[in-house]
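One structure below.
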Number of protein chains: 2
Amino acid sequence: MRSPTELGELFRSTGRKNTAQRQCIFELLHGSTAHPTAEAIFAEARAKMPSISLRTVYQTLNDLASLGEIQQLDLGTGSFRFDPNIDSHHHLVCIECGSAQDIYAAFPEVQVPPAVAGDFELTSTEVVFRGRCASCRRP
Amino acid sequence: MRSPTELGELFRSTGRKNTAQRQCIFELLHGSTAHPTAEAIFAEARAKMPSISLRTVYQTLNDLASLGEIQQLDLGTGSFRFDPNIDSHHHLVCIECGSAQDIYAAFPEVQVPPAVAGDFELTSTEVVFRGRCASCRRP
DNA sequence: TTGTCAACTAGCAATACTTGTTGATAAGGT
DNA sequence: ACCTTATCAACAAGTATTGCTAGTTGACAA
Ligand SMILES: [Mn+2]
Ligand SMILES: [Mn+2]
Ligand SMILES: [Zn+2]
Ligand SMILES: [Zn+2]
């Protein structure tokens with residue numbers, strides 16, 4: 001995703017408002033690699049802006065996602081994860097603590113078998129590796 | 001998963017009871033390839049047993065899953081899908097109607113990159129293809 | 001700078017899916 | 001047939017997300 005300043009301009013140019021709450025969320029997301037949930041972002045935002053509401057966090061995340069600035073991922077951990085990395089990539093997810101990390105690898109062999117592919121209009125291919133992360137293995 | 005009769009015996013031998021409601025659910029799942037939700041199974045079961053409760057359906061599905069007779073899949077469609085096919089396989093999911101079909105293909109090239117693999121204990125690798133199915137394409 | 005107005009915020013209600021609880025019931029070993 | 005206890009059905013509660021609304025605020029133009 002773009003810088004907080006650029007996102008402010010993007011929001012204004014699309015008829016949205018560039019509010020302090022939104023800037024706060026932009027800054028938290030920028031450069032984050034933790035794949036936070038809405039609740040996690042809410043907790044961080046609240047530390048800087050105690051009055052911010054969870055509803056505003058969801059609203060802003062949804063706006064960013066529909067503008068294509070972040071990805072909303074369902075990694076099977078019970079709630080959506082938000083990812084400022086919009087490149088095509090895959091994920092490694094800990095089944096114990098839910099932590100997720102990027103896997104940058106193209107898997108060109110992963111294709112829908114020809115027998116099925118004809119009738120189906122493919123839009124995305126997701127690979128999720130699951131297991132236990134280093135810190136969950138050493139207790 | 002095994003036949004409804006065998007599942008009845010399995011339930012009894014694991015200290016569970018083989019009730020009419022459970023047999024009904026076993027029969028609905030047996031040979032099904034639709035990856036139904038709990039609600040879908042509830043609707044079908046209710047047609048045959050009007051008094052069955054949704055709670056009982058969830059209970060039985062959870063029992064089957066913990067016995068390893070079915071898989072509980074999160075395909076990102078909002079609710080769990082239940083799969084009597086317990087072989088290792090992947091899925092093709094329609095983003096419009098939510099229909100899911102099996103993809104039987106081994107992707108041996110799909111591996112966690114070595115730089116990451118060392119610290120991570122891998123338990124499963126899931127591939128989900130998303131797009132629009134044949135009937136959703138022709139309106 | 002200031003006025004105008006649509007968009008936004010916060011708080012709370014509602015929804016969707018799943019699990020917890022409980023008195024009554026019925027399966028299954030003896 | 002009896003007794004024990006898992007299960008049943010109904011309802012309540014929990015979790016994640018979205019809907020609603022009255023008051024507030026940012027953006028744009030005069
Ligand atoms: Mn990512
Ligand atoms: Mn399947
Ligand atoms: Zn972990
Ligand atoms: Zn479809």
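All figures in this text were calculated on a predicted structure; none of them were measured in a lab. Residue numbering restarts at 1 for every chain, and letters A, B, ... go by the order of the sequence lines.
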Starting at atom CZ of B:Phe11, determine the distance to atom P of C:dG28, rounded to an integer number of angstrom.
12 Å
Quickly work out the A:Leu54 CG to C:dG11 C1' distance and round it to whole Å.
11 Å
Whole-Å distance separating the CZ atom of B:Phe42 from the C1' atom of C:dT19
15 Å
Measure the distance from CZ on A:Phe82 to P on D:dT17 and round it to the nearest whole Å.
7 Å
Do A:Asp63 and A:Arg22 meet the salt-bridge criterion of a basic N to acidic O distance under 4.0 Å?
yes
Hey, does the side chain of A:Arg16 come within less than 4.0 Å of C:dA7's phosphate (OP1/OP2), counting only N and O?
no
Which class fits the ring pair A:Phe107 and A:His90: parallel under 30°, tilted 30 to 60°, perpendicular over 60°?
tilted
If we ignore angles and hydrogens, is there a donor and acceptor under 3.5 Å between the side chains of A:Asp83 and A:His89?
yes
Do A:Arg55 side-chain and D:dG19 base share a donor-acceptor contact under 3.5 Å?
yes
Please give, in whole Å, the distance from C:dC5 P to A:Lys17 NZ?
13 Å
Round to a whole Å and report the spacing from CG of B:Asn18 to P of D:dC8.
10 Å
Tell me, yes or no, whether the heavy-atom count around B:Arg132 atom CZ, taken from other residues, nucleotides or ligands under 6.0 Å, exceeds 12.
yes
Among C:dC8, D:dT18, D:dT7, which nucleotide sits nearest the side chain of A:Tyr58?
D:dT18
Determine: side-chain N/O of B:Thr37 to OP1/OP2 of C:dC17, distance under 4.0 Å, yes or no.
no
Please pick, from C:dC17, D:dA27, C:dT9, the nucleotide with the shortest atom-to-atom distance to any side-chain atom of B:Ser79.
C:dC17
If only side-chain N and O atoms of A:Gln21 are considered, is one of them under 4.0 Å from the OP1 or OP2 phosphate oxygen of C:dA10?
yes
Below 6.0 angstrom between ring centroids: does that apply to A:Phe42 and A:Tyr58?
no
Could you tell me the separation between the CZ atom of B:Arg22 and the P atom of C:dA26, rounded to a whole number of Å?
16 Å
Selection from C:dC8, D:dC28, D:dT7 that lies nearest to any side-chain heavy atom of A:Arg12:
D:dC28
Nearest to the side chain of B:Thr56, which nucleotide is it out of C:dC12, D:dA9, C:dT19?
D:dA9
Please determine if a side-chain N or O atom of B:Ser51 lies less than 4.0 Å away from the OP1 or OP2 oxygen of D:dA9.
yes
Phosphate OP1/OP2 of C:dT19: any B:Asn62 side-chain N/O under 4.0 Å
yes
Atom-to-atom span, CD of B:Gln72 to C1' of C:dT19 - whole angstrom:
12 Å
B:Ala38 has its side chain closest, among C:dG28, D:dT17, C:dT18, to C:dT18
